[in-house]
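Take a look at the following structure, please.
Values in this document were obtained by computation on a predicted structure and should not be read as measured data. Throughout, protein chains are lettered first and strands after them, A, B, ... in sequence-line order, and every chain is numbered starting at 1. Keep in mind that the numbers below use all heavy atoms, side chains included, and drop hydrogens, waters and symmetry copies.
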2 protein chains.
Amino acid sequence: MAAISGGKTYHHGDLRNALICAAVDLATEGGPERVVLREAARRVGVSPTAAYRHFDGRGELLRTVRTHARCVLADAMERAAGREPGADDPALAAERRLAALCRGYVGFAVDQPGLYRAAFCVLRPDGTAGAMPERQVPEPEIRAFTLLRDAIEGLARVGTPRPAVRPAAGAAAWSAVHGLSLLLLDGPLRRLPAQRRNAVVETTLAMVVSGTRAL
Amino acid sequence: MAAISGGKTYHHGDLRNALICAAVDLATEGGPERVVLREAARRVGVSPTAAYRHFDGRGELLRTVRTHARCVLADAMERAAGREPGADDPALAAERRLAALCRGYVGFAVDQPGLYRAAFCVLRPDGTAGAMPERQVPEPEIRAFTLLRDAIEGLARVGTPRPAVRPAAGAAAWSAVHGLSLLLLDGPLRRLPAQRRNAVVETTLAMVVSGTRAL
DNA sequence: CCGGAATGTTCATGCTGGCAACATCGGGCA
DNA sequence: TGCCCGATGTTGCCAGCATGAACATTCCGG
């Protein structure tokens, strides 16, 4: 992250990484719209156009930040689930794990609003608004989603009365925590005092868990 | 919306409204970030700075668009609920109404992605990132939310076993449909074929309805 | 040791938001 | 009736941003 020598050389040596770090910092501070090529370059101490040697443009840089943010989010969820004490009843344990993952999700969003928003910012493919499906890269799986889906599957496996696992159940749970996070961040639930906020989170989690069970 | 005479006069006569219309069109086409003062002015055929006579700046214009979009969203929800056939069983009717409202919500988001995103875009208060709580205008109630909350209250009133209506239940339901909408629009559920998308919507609705009942 | 490929820099273009000074119109008041 | 002032638009200007072209420097492999 930091260059070894203090002596400034013409070549930075690790510009790409340095730019990513700066951009992540920017996103952390002010969300995706704050991720600005010139500012990232400025912080690294390099001319703006230098970034073009390593990224196609602002979009590419933002995409990289987004990938990083998604990764950090999933890590936070796993950590939250890891802290959850086990339970003798496997069904209870599965429920607790799902709830813990969701809590981790929302907690990350609240603690790191900028990064969270960057994790799900929309990225215009490019200026050409034409047809051309071209790059049909299926887009790497988002680990946060995988975690939720697996937790729900686990819930279905041990649950009583062992509900059929609907393929869309993961998306439903994800919708709830995602929407909740955004409403808490920029939405109308923004200024909720911590106490009330917690109540909303727990209510939503209850809805998700029992709603999933009933699917 | 349109000026009566074709003859261009120095004074537009209804610039504020014309700008709002143009801005709404822009939002419809490309979401809130597309709402650009200069472009709106250009479409109306007026100089950019003229807009400053009617709006404090881009933020004000966007805020107006947002208000409009929220209103249109609520209208769409009410229309969707109105189309829903009644039921003899009041509990069933209440459930149907809630589901219909939710379907209207998501349907609007999918049909009008730009407007929907504008309806919930985040608006930096102003450049001054200082303290100064100042304008504590409690922000007008969002009708879409009110509709959901009332529907849930209605559900609780006639439901069996008549669950206590949790104050946060509305927020939970809102979270689900909001998150679902965003995941469908820009999120990873973007490219879902209509059939699969419908399945996800219905599953989420089922989760909301039964999850709310279990609260 | 040297020349090409990487990597950075400067310069230029075109977009945006925003401010100040100036121009024009139109309605109310003497 | 006529005139003046405020509302409304305009031109000019500046700063910040994305992006591309042409040029400079450095590093590394043959």
Expressed as a whole number of angstroms, how long is the span from A:Asp14:CG to C:dT7:P?
11 Å
Verify whether the ring centers belonging to B:Tyr116 and B:Tyr105 lie closer than 6.0 Å.
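Between B:Tyr105 and B:Tyr116, which both carry aromatic rings, the centre distance is below 6.0 Å.
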Take atom NE2 of A:His54 as the centre, draw a 6.0 Å sphere, and report whether it contains more than 12 heavy atoms from other residues, nucleotides or ligands.
yes
What is the distance from CD of B:Glu60 to P of C:dG18, rounded to the nearest Å?
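So the CD-P distance, B:Glu60 to C:dG18, works out to 11 Å.
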In whole Å, I'd like the distance from the CZ atom of B:Arg63 to the C1' atom of C:dG17.
17 Å
B:Arg16 CZ to D:dA7 P: how many Å, rounded?
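Atom-to-atom, B:Arg16 to D:dA7, this comes out as 15 Å.
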Protein-nucleotide distance (B:Leu19, atom CG; C:dG17, atom P), rounded to Å:
12 Å
Once you round it to whole Å, what is the distance between P of D:dG20 and CZ of A:Phe55?
16 Å
Between B:Asp56 and A:Val46, which is nearer to the 5' end of DNA chain C once each is assigned its nearest nucleotide?
A:Val46
Taking N or O atoms only and anything under 3.5 Å, show me the protein contacts with nucleotides 12-17 of chain D, one pair per line.
{"unit_1": "D:dC17", "atom_1": "OP2", "unit_2": "A:Arg42", "atom_2": "NH2", "d": "2.7"}

What is the separation between atom CG on B:Leu62 and atom C1' on C:dT16, rounded to the nearest whole Å?
14 Å
Between B:Arg149 and B:Phe145, is NZ or CZ placed under 6.0 angstrom from the six-membered ring centre and within 45° of the ring axis?
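Flagged: B:Arg149 positioned over aromatic ring of B:Phe145.
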Spacing between A:Leu61 atom CG and D:dA18 atom P, to the nearest angstrom
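Those two atoms, CG and P, are 9 Å apart.
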Should B:Glu60 and B:Arg16 count as an ion pair when the cut-off is N to O under 4.0 Å?
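No, no charged N to carboxylate O under 4.0 Å.
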Looking at B:Arg117 and B:Glu33, is any side-chain nitrogen of the basic one under 4.0 Å from a carboxylate oxygen of the acidic one?
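Between B:Arg117 and B:Glu33 there is a salt bridge, with a charged N closer than 4.0 Å to a carboxylate O.
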Determine whether more than 12 heavy atoms belonging to other residues, nucleotides or ligands lie under 6.0 Å from atom CZ of A:Arg190.
yes
